[in-house]
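Hydrogens, waters and symmetry mates play no part in the numbers below; they use all other heavy atoms, side chains included. Each chain gets a letter, A, B and so on, in the order the sequences are listed, and its residues count up from 1.
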Number of protein chains: 2
Amino acid sequence: MSDSTCLKKTHIVQLMRELHHLISPKFERCTGMSASRLQLLHLLYDHGEISQSALQKEANIDSAAITRHLKQLEAQEKVVRRKNPEDHRVTLVTLTEQGIDEMDAYRRERDTFVTNLLQGFSDEELPTLLAMLHRIRDNANRIEG
Amino acid sequence: MSDSTCLKKTHIVQLMRELHHLISPKFERCTGMSASRLQLLHLLYDHGEISQSALQKEANIDSAAITRHLKQLEAQEKVVRRKNPEDHRVTLVTLTEQGIDEMDAYRRERDTFVTNLLQGFSDEELPTLLAMLHRIRDNANRIEG
DNA sequence: CCTCAATGATTGATACATCAACTAATATAA
DNA sequence: TTATATTAGTTGATGTATCAATCATTGAGG
């Protein structure tokens, strides 16, 4: 592979890192909640009651982080947890009514945010970008870890 | 904007987050150093002696984080710090000989990593992707912060 | 039935990033 | 030139992520 190709690839990887660094705190300020936590809430919204380990697998977050997030979301009365009566090892999590209600507002904020972030992208460009990101993800999954 | 466009944008943003989450620890394992710290070393390599505040501006990292990274890099004898004799507020940082030597290895590891991560991307696709990421960055910079 | 392995969740230690508060040095302006 | 503001860097508190160790519960095999 040519040097210039490698250089471009390096720039892309650097830029992706920089973007995350730039976007993540802004997302949090605009939506009022961190992307991780909002992801958990969305998973709960879509799945209904779900175990923490299932959440963990879908969100790809460490189970310790799941526990800590849910502890705080529970304190904010956005979720409830209960032991699965059929298997006392597993904890089942659900959105509260309040949590469900608040999701609408969070969703709106998120939609505004992503709209602004990808402003100017045409209907042809978006699928192109999405496909590229998927390919990068597949490559990443092949790298030893 | 149509719902499906917004949905695509949301997917893209989610995927970018997921990618960072996936790539960052792998990068660290493969190269033997976190991307932040390697970025600092690269900046030092390119600039020669440079002040911490200049480093901070280029790396876009909090100055507290800069201080702590450099403290450890100094303990590992990869960098040296000295006060600017003309302005005792500023601390000037340089790579040590050892630091410079080690950069070759780090660079090789990084090149291997980014090559694998972007495997299969053609010479036409890479600039396209890079341009798109730049546009996203510009959009992000326009979002209130 | 009883041991031992596997699973789900939690906790503690550690790492890294941020913000806010602070110190020290320098620049500005009355 | 003295008071004030600005700049560079450090430190402490906090939040979040990881890994490793631990506990409780369940499952499987002798």
Side-chain angles (χ1 to χ4, degrees), chain A residues 17-41 49-76 79-94 145, chain B residues 17-41 49-76 79-94 145:
Chain A
R17 214 178 74 77
E18 184 183 337
L19 267 176
H20 180 267
H21 193 263
L22 186 63
I23 291 172
S24 175
K26 295 206 182 195
F27 182 91
E28 194 159 338
R29 282 213 187 88
C30 291
T31 64
M33 175 155 313
S34 82
S36 315
R37 218 165 271 189
L38 204 47
Q39 186 195 9
L40 292 183
L41 292 180
E49 191 164 55
I50 187 177
S51 74
Q52 291 194 190
S53 64
L55 258 188
Q56 185 253 312
K57 272 162 206 129
E58 292 227 33
N60 251 313
I61 297 178
D62 189 89
S63 63
I66 298 277
T67 294
R68 285 163 181 143
H69 276 304
L70 291 178
K71 201 182 288 181
Q72 294 194 248
L73 289 172
E74 196 171 35
Q76 294 166 14
V79 308
V80 232
R81 291 188 291 170
R82 65 183 185 105
K83 286 237 163 287
N84 183 339
E86 278 129 45
D87 185 342
H88 283 224
R89 289 172 301 184
V90 332
T91 302
L92 298 171
V93 195
T94 341
Chain B
R17 214 178 74 79
E18 184 182 337
L19 268 175
H20 181 267
H21 194 261
L22 187 63
I23 290 172
S24 175
K26 295 205 182 194
F27 181 91
E28 194 159 340
R29 283 213 186 85
C30 291
T31 63
M33 175 156 313
S34 83
S36 316
R37 219 165 269 190
L38 204 47
Q39 187 195 8
L40 291 183
L41 293 179
E49 192 165 53
I50 187 177
S51 74
Q52 290 193 191
S53 64
L55 257 187
Q56 185 253 312
K57 272 162 206 132
E58 291 228 30
N60 252 311
I61 297 177
D62 187 271
S63 64
I66 298 277
T67 295
R68 282 159 183 145
H69 276 305
L70 291 177
K71 202 182 286 180
Q72 294 196 247
L73 290 172
E74 195 170 36
Q76 295 166 13
V79 307
V80 234
R81 289 190 291 170
R82 67 182 184 104
K83 285 237 163 290
N84 183 340
E86 277 130 46
D87 185 342
H88 283 227
R89 289 173 302 185
V90 332
T91 303
L92 298 171
V93 195
T94 340

Set of residues satisfying side-chain hydrogen bond (donor to acceptor under 3.5 Å, both in side chains) with respect to B:E28, sequence neighbours excluded:
none

Base, sugar-phosphate alone, or nothing: which one does B:K71 contact when heavy atoms must sit under 4.0 Å apart?
sugar-phosphate

Within this structure, what is the CZ-to-P distance between B:F27 and C:dA15, rounded to whole angstrom?
20 Å

So, is B:Q52 close to the D:dT10 phosphate, meaning a side-chain N or O under 4.0 Å from OP1 or OP2?
yes

Should B:L22 and A:N60 count as side-chain neighbours, where that means a heavy-atom distance under 4.5 Å?
no

All ring-ring contact (aromatic ring centres under 6.0 Å, His included) counterparts of A:H69, not counting sequence neighbours:
none

Side chain to side chain contact (heavy atoms under 4.5 Å, CB included) filter on B:H21, not counting sequence neighbours, yields none

Which residues satisfy the side chain to side chain contact (heavy atoms under 4.5 Å, CB included) test with B:A35, sequence neighbours excluded?
A:R17, B:F27

Starting at CD1 of A:I50 and ending at P of C:dG8, how long is that distance when rounded to a whole Å?
12 Å

side-chain N/O B:R29 vs D:dT18 OP1/OP2, d < 4.0 Å
no

Separation of B:T67 OG1 from B:Q56 CD (nearest 0.5 Å)
9.5 Å

What's the CZ-C1' distance between A:R82 and C:dG8, to the nearest Å?
16 Å

May I have the distance from A:E28 (atom CD) to D:dT16 (atom C1'), rounded to whole angstrom?
10 Å

Close side-chain approach of A:E49 and A:R82, heavy atoms under 4.5 Å:
yes

Strictly below 4.0 Å, heavy-atom distances to any atom of DNA chain C: list the hits from residues 30-39 of chain B, or just say none.
B:S36, B:R37

List in chain and number order the residues that pass salt bridge (charged side-chain N to carboxylate O under 4.0 Å, His left out) with A:E58, two or more places apart in sequence or in another chain; answer none if no residue qualifies.
none

Can you sort out which residues in residues 18-25 of chain A have a heavy atom within less than 4.0 Å of DNA chain C? Ascending by number, please.
A:H21

Who are the side chain to side chain contact (heavy atoms under 4.5 Å, CB included) partners of A:R81, not counting sequence neighbours?
A:Q52, A:L70, A:K71, A:E74, A:T91, A:V93

DNA chain D-proximal residues of residues 84-91 of chain A, any heavy atom under 4.0 Å
A:D87, A:H88, A:R89

For DNA chain D, determine which residues of residues 58-69 of chain A have any heavy atom closer than 4.0 angstrom to one of its atoms, and list them numerically.
A:I61, A:D62, A:A64, A:A65, A:R68, A:H69

Kindly compute the distance separating CD1 (B:I50) from OG1 (B:T94), expressed to the nearest 0.5 Å.
10.5 Å

A:K83 NZ to D:dT25 P, straight-line distance once rounded to whole Å
8 Å

A:S36 side, atom OG; A:I66 side, atom CD1 - distance, nearest 0.5 Å
9.0 Å

Looking at B:S53, I'd like to know whether one of its side-chain N or O atoms comes within less than 4.0 Å of OP1 or OP2 on D:dT7.
no

Decide yes or no on side chain to side chain contact (heavy atoms under 4.5 Å, CB included) for B:Q76 and B:R37, but give the supporting numbers first.
CA-CA 12 Å; B:Q76 295 166 13; B:R37 219 165 269 190; 4.0 Å; yes

Salt bridge (charged side-chain N to carboxylate O under 4.0 Å, His left out) partners for A:D62, two or more places apart:
none

Any base atoms under 4.0 Å from A:Q72, or only sugar-phosphate, or nothing? Heavy atoms, all strands.
sugar-phosphate

Partners passing side chain to side chain contact (heavy atoms under 4.5 Å, CB included) against A:K57 (at least two apart in sequence or in another chain):
A:S53

